[in-house]
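Written below as structure tokens is the structure these notes are about.
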2 protein chains.
Amino acid sequence: MLQKTIEISVLYDYYNQLLTEKQSDIIDLYYNQDLSLGEIAEEFNISRQAVYDMLKRTEKLLYQYEEKLGFIELLKTKNQKISRILDRVIELENKLNLDSHEELQQKISEIKGELDHFLNT
Amino acid sequence: MLQKTIEISVLYDYYNQLLTEKQSDIIDLYYNQDLSLGEIAEEFNISRQAVYDMLKRTEKLLYQYEEKLGFIELLKTKNQKISRILDRVIELENKLNLDSHEELQQKISEIKGELDHFLNT
């Protein structure tokens with residue numbers, strides 16, 4: 001369940017703009033705000049079953065968007081590449097530490113910081 | 001016109017999976033295969049005006065997808081960041097050239113190659 005919640009939250013972050021307002025609200029309330037099906041049903045004045053059906057249909061839709069567009073997969077692949085490059089910069093930094101080459105160490109440390117920042121934004 | 005052709009081609013690359021088959025075909029034939037409106041009209045057995053209208057509607061749709069999802073802009077921003085990092089690696093390499101620190105030079109050259117590869121895939 002936790003894995004699915006994370007998956008849906010990420011899909012929602014990227015593709016919610018393709019949903020209708022109601023689809024978007026239901027996913028947000030259930031997965032991000034942690035409301036129960038009953039609470040959402042009350043909020044929208046519809047049956048619990050209707051909320052459940054809409055949730056399932058919208059989840060399927062989000063998975064289909066990723067299947068068609070593949071942006072999450074693309075960004076993941078790009079980030080993995082940069083992560084490997086970051087590992088090499090760290091290796092380089094360790095090598096420099098042995099020689100204590102101050103100015104270069106400073107520069108590499110800055111580049112490492114930028115790569116780290118790239119991976120986290 | 002050239003600028004627009006490039007824009008539509010890029011939008012098409014990212015978002016064509018959200019188009020209907022016919023919308024996708026018309027954009028592809030006009031912008032990628034360079035067919036004229038008349039030639040496309042003949043191909044689909046519809047009027048030149050109908051092709052024109054569909055082309056305009058589909059272009060608008062592609063721009064709207066980018067407005068909603070913003071993936072091209074996101075990738076552009078990420079690539080600009082990596083491009084700045086690459087500049088710093090080159091600066092570092094130039095500094096090393098002065099000292100001729102062979103092993104480190106080799107490593108930096110490899111990292112540069114990987115960053116270059118990242119930007120071009």
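Letters A, B, ... mirror the listed sequences (proteins, then strands); counts begin at 1. Being a predicted model, the structure only gives us computed values, none of them experimental.
In A:E21, the CD atom is not crowded: 12 or fewer heavy atoms of neighbouring residues, nucleotides or ligands sit closer than 6.0 Å. For CD of B:E42, the number of neighbouring non-hydrogen atoms (other residues, nucleotides, ligands) closer than 6.0 Å is 12 at most. Surrounding OH of B:Y12 are more than 12 heavy atoms belonging to other residues, nucleotides or ligands, all under 6.0 Å away. Heavy-atom contacts from other residues, nucleotides or ligands closer than 6.0 Å to OH of B:Y52 number 12 or fewer.
Distance CZ/B:R84 to CD/A:E114: 7.5 Å, rounded to 0.5 Å. How far NZ of B:K68 is from CG of A:N16: 10.5 Å, rounded to the nearest 0.5 Å. Within the model, atoms CD1 of B:I85 and CD1 of A:I85 stand 9.0 Å from one another, a figure rounded to the nearest 0.5 Å.
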Practice problem: Could you please spell out the steps behind the side chain to side chain contact (heavy atoms under 4.5 Å, CB included) verdict for A:K78 and B:N79? | Solution: CA-CA 10 Å; A:K78 284 195 172 270; B:N79 277 353; 4.3 Å; yes
Practice problem: Would you sort out whether B:L75 and A:L75 count as a side chain to side chain contact (heavy atoms under 4.5 Å, CB included), showing the intermediate values? | Solution: CA-CA 8 Å; B:L75 286 175; A:L75 286 174; 3.7 Å; yes
Practice problem: Check the pair A:I111, B:I111 against side chain to side chain contact (heavy atoms under 4.5 Å, CB included), reporting the backbone distance first and the verdict last. | Solution: CA-CA 12 Å; A:I111 290 169; B:I111 291 170; over 6 Å; no
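Looking at A:Y14, both its backbone and its side chain come within 4.5 Å of chain B, counting heavy atoms on both sides. For a residue to count as touching a neighbouring chain, one of its non-hydrogen atoms must lie under 4.5 Å from one of that chain's; by this rule B:L115 touches chain A with backbone and side chain alike. Neither the backbone nor the side chain of A:E67 comes within less than 4.5 Å of any heavy atom of chain B. Contact annotation for B:Y65: only side-chain heavy atoms (C-beta onward) come within less than 4.5 Å of a heavy atom of chain A.
Inter-residue side-chain proximity for B:L18 and A:L18 is flagged as met; some heavy-atom pair is nearer than 4.5 Å.
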